[in-house]
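Note sheet for the following structure.
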Protein chains: 2
Amino acid sequence: MRADARRNLDAVLKAAITVFAEQGVDAPMRTIAAAAGVGVGTIYRHFPQRSDLIKAIIRREVDARTERAAALAAGHPPGEALALWLEGLVDLVATKRGLGPALHSGDPAYQSLPDYVLGQLTPALEGLLDEAAAAGEIRPKTDANELLLAALRLASPASDGKPEEARRMMALLFDGLRYGAKAAR
Amino acid sequence: MRADARRNLDAVLKAAITVFAEQGVDAPMRTIAAAAGVGVGTIYRHFPQRSDLIKAIIRREVDARTERAAALAAGHPPGEALALWLEGLVDLVATKRGLGPALHSGDPAYQSLPDYVLGQLTPALEGLLDEAAAAGEIRPKTDANELLLAALRLASPASDGKPEEARRMMALLFDGLRYGAKAAR
DNA sequence: GCTTATACGGAACGATGTTCCGCTTAGCAA
DNA sequence: TTGCTAAGCGGAACATCGTTCCGTATAAGC
């Protein structure tokens with residue numbers, strides 16, 4: 001890959017992160033191009049689909065969440081680790097404005113995004129759930145994928161500027177996990 | 001109001017319901033206009049904002065939900081009435097494709113829509129919650145607005161074509177209400 | 001039938017996504 | 001250093017869509 005191509009790709013990613021944070025993932029391509037100091041053609045060459053650009057930006061965040069699950073599991077009691085991880089997830093979606101909408105848009109063009117996000121996060125959450133269930137802190141046999149979908153959905157509206165709201169809804173959902181926990185013992 | 005205006009308004013509403021169901025609420029205005037057999041100008045005269053059109057369509061559905069709350073409360077045990085009502089809500093959002101996205105878009109133009117929906121449904125839900133809490137079936141002091149927001153969010157993704165998924169997530173949330181119910185007694 | 005205010009249709013305008021191609025330049029060889 | 005070439009670039013061009021506007025058509029009352 002040519003050096004200038006590499007430079008431009010970095011500039012595009014950096015600009016996209018900024019613009020997406022300010023205007024959401026539907027921001028005009030021209031705006032991103034201008035912020036990166038390149039032409040729109042350059043963006044489309046590197047990212048044929050808009051979702052490719054979004055995916056590239058989100059991938060690292062998602063990976064970080066995956067790793068964080070292991071770190072939390074090692075340093076906290078099972079139930080607490082699970083709660084903390086879910087809370088962090090809410091903050092991620094709330095912060096990365098547009099991630100939520102993109103995930104749930106239903107637009108086929110974004111199909112690969114939820115697939116990747118769920119594919120990465122589900123196993124991480126599964127581990128946390130298993131440990132919490134084994135410790136009797138939550139009910140057993142909670143489907144990780146299902147819980148993850150719910151959590152992502154609840155967190156999405158936080159882009160309205162009310163992360164507090166999302167956190168409270170998440171707490172409500174978490175209580176649902178605790179219901180019937182004793183039966184596990 | 002002139003007779004032809006009335007006719008056209010009905011035609012527009014009918015066409016919009018069909019087109020929205022097929023393509024979502026972001027469907028091109030021209031498509032709706034063509035389906036209704038009118039010019040786009042006619043639509044914009046009756047509904048200056050896109051959200052006005054959506055609101056008109058949804059209003060009746062929301063009103064129906066409000067009335068249903070009373071009917072359910074009269075014919076079922078408190079906890080069951082609440083569960084049934086929430087389930088019906090999920091079906092509404094799942095069926096009326098685009099309602100969910102419109103509610104959570106965050107676009108200021110849609111501001112009035114969630115205001116109306118929440119304004120109507122919150123009191124209805126409040127009644128069901130109070131009765132269920134008084135009967136000790138769920139924990140007391142659950143904020144109706146908060147629960148409603150969560151329910152609407154969980155239901156939204158059902159437009160993907162998986163109402164089952166939404167219903168399961170809703171069940172999970174409902175269990176959260178039951179957690180700590182005994183403390184109410 | 002005549003008048004007039006109401007309502008209509010669709011052209012026109014501006015914004016945006018996406019494609020395409022002539023020009024530029026990095027990387028390399030001599 | 002110079003020249004070659006293919007990778008890469010920029011932005012004009014095209015298509016689509018939301019929204020506005022105005023000349024024309026017509027419902028309703030006299």
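In the text below, chain A, chain B and the rest are named by the order of the sequence lines, each starting its count at 1.
Put simply, B:Asn8 has a side-chain N or O that comes within less than 4.0 Å of OP1 or OP2 on C:dC8. Between B:Thr42 and the phosphate of C:dG9, there is a side-chain N or O to OP1/OP2 separation shorter than 4.0 Å. Put simply, B:His46 has a side-chain N or O that comes within less than 4.0 Å of OP1 or OP2 on C:dC8.
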Side chain to side chain contact (heavy atoms under 4.5 Å, CB included) between B:Met1 and B:Leu9: does it pass, once the steps are laid out? CA-CA 11 Å; B:Met1 182 180 234; B:Leu9 192 145; 3.9 Å; yes
Could you please spell out the steps behind the salt bridge (charged side-chain N to carboxylate O under 4.0 Å, His left out) verdict for B:Asp143 and A:Arg168? CA-CA 10 Å; B:Asp143 185 75; A:Arg168 268 183 287 131; 5.2 Å; no
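With hydrogens and angles ignored, a donor-acceptor pair closer than 3.5 Å exists between the side chain of A:Arg2 and the base of D:dA7. Within 3.5 Å, a donor on the side chain of A:Arg30 pairs with an acceptor on the base of C:dG17, or the reverse.
Backbone-only contact: B:Val38 has heavy atoms under 4.0 Å from sugar-phosphate atoms and none from a base. Residue contacts shown for A:Arg45 include a base, since a base heavy atom lies under 4.0 Å away. Nucleic acid contact for B:Ala27: sugar-phosphate only, since backbone atoms but no base atoms lie under 4.0 Å from a heavy atom of the residue.
Annotation: the span from A:Glu146 atom CD to B:Met169 atom CE amounts to 7.5 Å, rounded to 0.5 Å.
Counting only heavy atoms from C-beta outward, the side chains of A:Leu89 and A:Leu121 approach each other to under 4.5 Å.
Distance B:Gln49 CD to D:dT19 C1': 11 Å, rounded to the nearest Å. Atom pair B:Ile43:CD1 and D:dC17:C1' shows a separation of 13 Å (rounding to whole Å applied). Rounded to a whole Å, the CZ atom of A:Arg50 is 7 Å from the P atom of C:dT18. To the nearest angstrom, P of D:dT20 lies 10 Å from CE of B:Met29. As a whole-Å value, the separation of A:Leu9 CG from D:dC9 P is 9 Å. Distance, A:Tyr44 OH to D:dG8 C1': 18 Å, rounded to whole Å. With rounding to whole Å, A:Arg6 atom CZ is found 13 Å from C:dG27 atom P. Rounding to whole angstrom units, CD1 of residue B:Ile32 and P of D:dT19 are separated by 11 Å.
Each of B:Val40 and A:Val40 was assigned the nucleotide of DNA chain C with the nearest heavy atom; the assignment lying further toward the 5' end belongs to B:Val40. Between B:Arg7 and B:Asp26, it is B:Asp26 whose nearest contact on DNA chain D lies nearer the 5' terminus. Judged by closest nucleotide on DNA chain C, B:Gly37 is the one of A:Asp4 and B:Gly37 placed further toward the 5' end.
Here the rule is side-chain contact (heavy atoms from CB on, under 4.5 Å) with A:Ile138, and of A:Leu177, A:Leu128, A:Asp175 only A:Leu177 fits it.
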